[in-house]
Trainee: 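The structure is given below, and queries will be raised subsequently.
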Amino acid sequence: YTSAEPETAALPGEWRNKCNDLQRLMFLRSLRTDRLIPAVTSFIITALGQKYVEPPVLDLGEVLGESTPASPLLFVLSQGVDPSEALAQIATSRGMLDNLKSIALGQGQAPAAEKLIAEGIIEG
């Protein structure tokens with residue numbers, strides 16, 4: 001725990017030349033689990049490329065084109081992600097902003113969400 005970034009430090013002695021990158025990850029996993037995520041990210045970038053550690057850009061227009069009244073869009077989001085503005089822009093461009101319904105699920109919101117889903121099934 002003396003190094004702030006042990007995943008970038010050279011292994012001591014003969015281990016420096018004996019271990020490949022995957023074996024270095026196993027050492028790190030055994031000794032410094034707090035640094036495993038940055039080390040695995042670096043390993044993936046080196047082995048496969050940067051694109052495998054970056055989230056894909058969501059094109060809502062393309063996703064909307066693939067949806068139908070029988071297969072509506074439901075978003076399950078991570079903390080800090082908010083597609084509301086992009087959805088409002090698409091709804092506005094199609095003259096459907098008044099039909100856009102949104103609800104933030106939290107304590108006590110399940111009945112309201114179930115009601116919106118039931119209305120969506122009936123009204124489209």
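We're numbering straight along the sequence, starting at 1.
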Trainee: Got a donor-acceptor contact below 3.5 angstrom from the Gln23 side chain to the Asn20 backbone?
Mentor: yes

Trainee: Determine whether Ile45 and Leu48 fall in the same hydrophobic cluster, where Ile, Leu, Val, Met, Phe, Trp and Tyr are linked whenever their side-chain heavy atoms lie under 4.5 Å apart.
Mentor: yes

Trainee: For the residue pair Ser3 and Arg32, what are the closest heavy atoms and their distance?
Mentor: O-NH1, 3.0 Å

Trainee: Looking at Ser42 and Pro38, would you say the former's side chain and the latter's main chain have a donor-acceptor pair under 3.5 Å?
Mentor: no

Trainee: Linking I/L/V/M/F/W/Y whenever any side-chain heavy atoms sit under 4.5 Å apart, do Tyr52 and Ile37 land together?
Mentor: no

Trainee: Closest approach of Pro6 and Arg24, non-hydrogen atoms and distance?
Mentor: O-NH2, 4.3 Å

Trainee: If you measure from OG1 on Thr41 to CD on Gln50, what distance do you get to the nearest 0.5 Å?
Mentor: 9.5 Å

Trainee: Exactly one of Leu100, Leu97, Leu64 should register a side-chain contact (heavy atoms from CB on, under 4.5 Å) with Ile90. Which one does?
Mentor: Leu64

Trainee: If you round to the nearest 0.5 Å, how far is CD1 of Ile117 from NZ of Lys101?
Mentor: 14.5 Å

Trainee: Please report the C-alpha distance between Val63 and Glu66 in whole Å, then the side-chain angles of each, then the deciding distance to 0.1 Å, and finally whether the side chain to side chain contact (heavy atoms under 4.5 Å, CB included) criterion is met.
Mentor: CA-CA 5 Å; Val63 172; Glu66 295 175 3; 5.6 Å; no

Trainee: What closest approach, in Å, do Ala4 and Arg35 show between heavy atoms, and which atom pair accounts for it?
Mentor: O-NE, 3.6 Å

Trainee: Closest approach of Ile103 and Ala113, non-hydrogen atoms and distance?
Mentor: CD1-N, 3.7 Å

Trainee: Under a single-linkage definition using a 4.5 Å side-chain heavy-atom cutoff for Ile, Leu, Val, Met, Phe, Trp and Tyr, are Val53 and Leu22 assigned to the same hydrophobic cluster?
Mentor: yes

Trainee: Measure the CG-CD distance between Leu87 and Gln89 for me, rounded to the nearest 0.5 Å.
Mentor: 9.5 Å

Trainee: Just how far is it from atom CD of Gln109 to atom CD of Gln107, taken to the nearest 0.5 Å?
Mentor: 9.5 Å

Trainee: Tell me whether Glu85 at atom CD has more than 12 heavy atoms from other residues, nucleotides or ligands lying less than 6.0 Å away.
Mentor: no

Trainee: Short question: side chain of Arg29, backbone of Leu36 - any donor-acceptor pair under 3.5 Å?
Mentor: no

Trainee: Is it the case that more than 12 heavy atoms not belonging to Met26 sit under 6.0 Å from its CE atom?
Mentor: yes

Trainee: Shared ILVMFWY cluster between Leu25 and Leu31, side chains joined below 4.5 angstrom?
Mentor: no

Trainee: How long is the gap from CD on Glu119 to CG on Asn99, to the nearest 0.5 Å?
Mentor: 11.5 Å

